[in-house]
Amino acid sequence: MKIIMLGAPGAGKGTQAKMIAEKYGIPHISTGDIFRANIKNGTQLGMEAKQYMDKGLLVPDELTVKILLDRVAQDDCKKGYVLDGFPRTIPQAEVLDKALTELGDKIDYAIDVDVPDENIVRRMGGRRACLSCGATYHIEHVPPKKEGICDTCGQELVLRDDDKPETVQNRLNVYHEQTQPLIEFYQAKGVLKTVDGTVDMKDVFTAITEILK
Ligand code: ADP
Ligand code: ADP
Ligand code: ZN
């Protein structure tokens, strides 16, 4: 099963992708997590990506596509995967489509987690991230057991640089311009499913499992 998560930054793609990955035993692949791991480790890729990410801009397609294609070529992806944060542009979607077609394969579902912009801005300010293990919390909706500390690995939680309000608005603009057209792209392929992302995260997940049945 090959699944793409669509939706604005902060819509809950990562939260849902992790639950899907666990339930169906497939890897959760987040290009944002891959970039953040590279930034943390001080790699060349990380240094390049950071310049764009801090401004709320997309990392150029050339860089992004290569890391994604390398990742999905790994053995654990044979049984499928859930992509979170890729594709984010039409050219990225076309490259993925071509790579899959060459393997006689395709995307099964593109799930759009729909949340209006007003909700997003409020949500992002409360998001706290663990840069060590990729876990995500929310100060109101998903608080960690001990304030500011990751339940899973014990590291300190941070407000991501790009989750500050001024950058969130840029990211929403970029989303509407460059990523939202993917909704039509996948609708035309007949694989688009939309879920209401404003409800409780458990209810969002129930709606998704109904689709994947
Ligand atoms: P994305 O991957 O789309 O950027 P996340 O999954 O990181 O989004 O979610 C953004 C923030 O909102 C996180 O702090 C997360 O805990 C919280 N969140 C996710 N889903 C919901 C929901 N249904 N209701 C309220 N808060 C949510
Ligand atoms: P969010 O969880 O808020 O949707 P991500 O963690 O997916 O954010 O992405 C954070 C940042 O990493 C993006 O704002 C962008 O700069 C970069 N990024 C992640 N995935 C991609 C991609 N597929 N194409 C270009 N840039 C990306
Ligand atoms: Zn952690």
Side-chain angles (χ1 to χ4, degrees), residues 4-20 28-39 45-46 48-69 71 82-93 95-96 111-115 119-144 148-163 167-168 170-175 178-179 182 195-208:
I4 288 173
M5 303 305 292
L6 296 175
K13 300 180 297 295
T15 301
Q16 298 301 324
K18 282 175 194 153
M19 292 196 262
I20 295 170
H28 162 219
I29 301 175
S30 155
T31 38
D33 283 351
I34 296 174
F35 288 137
R36 280 185 291 277
N38 275 276
I39 291 172
L45 170 70
E48 282 186 51
K50 187 172 168 34
Q51 299 171 23
Y52 299 93
M53 290 169 74
D54 283 352
K55 298 191 187 105
L57 300 173
L58 295 184
V59 178
D61 287 342
E62 304 83 71
L63 284 180
T64 310
V65 159
K66 189 180 175 313
I67 60 158
L68 191 276
L69 291 183
R71 179 65 189 88
V82 48
L83 299 185
D84 160 20
F86 187 98
R88 258 185 160 93
T89 64
I90 294 281
Q92 289 180 13
V95 170
L96 176 64
I111 301 175
D112 178 32
V113 183
D114 188 29
V115 178
N119 302 37
I120 298 283
V121 180
R122 248 180 297 134
R123 249 189 219 183
M124 300 294 247
R127 172 156 68 181
R128 295 293 178 274
C130 174
L131 298 182
S132 263
C133 75
T136 303
Y137 301 85
H138 191 281
I139 51 176
E140 285 164 47
H141 309 297
V142 197
I149 302 293
C150 179
D151 292 350
T152 316
C153 74
Q155 296 292 309
E156 213 168 307
L157 300 177
V158 298
L159 173 67
R160 277 165 44 182
D161 286 337
D162 60 344
D163 279 351
T167 314
V168 170
N170 284 345
R171 290 164 68 201
L172 280 171
N173 295 343
V174 166
Y175 168 75
Q178 301 195 58
T179 307
L182 292 175
V195 294
D196 178 1
T198 63
V199 298
D200 191 275
M201 52 190 81
K202 288 191 208 71
D203 299 326
V204 181
F205 188 57
T206 305
I208 292 176

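Read the numbers this way: they start at 1 and go in the same order the structure lists the ligands and their atoms.
Contact between Arg123 and Ala11 at its shortest, heavy atoms only, is NH1-O, 3.0 Å. When all heavy atoms of Ala49 and Phe35 are compared, the closest pair comes out as CB-CD2, 3.7 Å. The two residues Val204 and Gly197 come nearest to each other via the heavy atoms CG2-CA, 4.1 Å. Across all their heavy atoms, His28 and Asp84 have their closest contact at NE2-OD2, 2.9 Å.
When only interatomic distances are considered, the shortest N/O to N/O separation between Tyr52 and ligand 2 does not fall below 3.5 Å. When only interatomic distances are considered, the shortest N/O to N/O separation between Pro87 and ligand 2 does not fall below 3.5 Å. For the pair Gln92 and ligand 2, the shortest N or O to N or O distance falls below 3.5 Å.
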Point to revise | Derivation and outcome, side-chain contact (heavy atoms from CB on, under 4.5 Å), residues Thr31 and Arg71 | key: CA-CA 10 Å; Thr31 38; Arg71 179 65 189 88; over 6 Å; no
Review point. Does the pair Phe86 and Thr64 meet the rule for a side-chain contact (heavy atoms from CB on, under 4.5 Å), with working shown?
Key: CA-CA 9 Å; Phe86 187 98; Thr64 310; 3.8 Å; yes
Exercise for review: Go through Ile4 and Leu96 one step at a time and tell me if the side-chain contact (heavy atoms from CB on, under 4.5 Å) criterion holds.
Suggested key: CA-CA 11 Å; Ile4 288 173; Leu96 176 64; 4.0 Å; yes
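In this structure, Ile39 CD1 and Gln51 CD are separated by 10.0 Å, a value rounded to the nearest 0.5 Å. One finds the CD1 atom of Ile111 at 13.0 Å from the NZ atom of Lys13 (value rounded to the nearest 0.5 Å).
For ligand 2, the atoms closer than 4.0 angstrom to any heavy atom of Thr31 are 19 (C), 20 (N), 21 (C), 23 (N). Per-residue contacts place Thr64 under 4.0 angstrom from the following atoms of ligand 2 (heavy atoms of the residue considered): 22 (C), 23 (N), 24 (N), 25 (C). Residue Met53 approaches ligand 2 through these ligand atoms, each under 4.0 Å from one of its heavy atoms: 11 (C), 12 (O), 16 (O), 17 (C). The atoms of ligand 2 that sit less than 4.0 Å from any heavy atom of Arg36 are 6 (O), 10 (C).
Listed by chain and number, residues touching ligand 1 at under 4.0 Å (heavy atoms only) are Ala8, Pro9, Gly10, Ala11, Gly12, Lys13, Gly14, Thr15, Arg123, Arg127, Thr136, Tyr137, His138, His141, Val142, Gly197, Val199, Asp200, Met201.
Contacts between Val59 and ligand 2, counted as non-hydrogen atom pairs separated by less than 4.0 Å, involve both the backbone and the side chain. Under 4.0 Å from ligand 2, the heavy atoms of Leu57 that appear belong solely to its backbone.
For Asp163 and Arg171, the salt-bridge test passes: some basic side-chain N is under 4.0 Å from an acidic carboxylate O.
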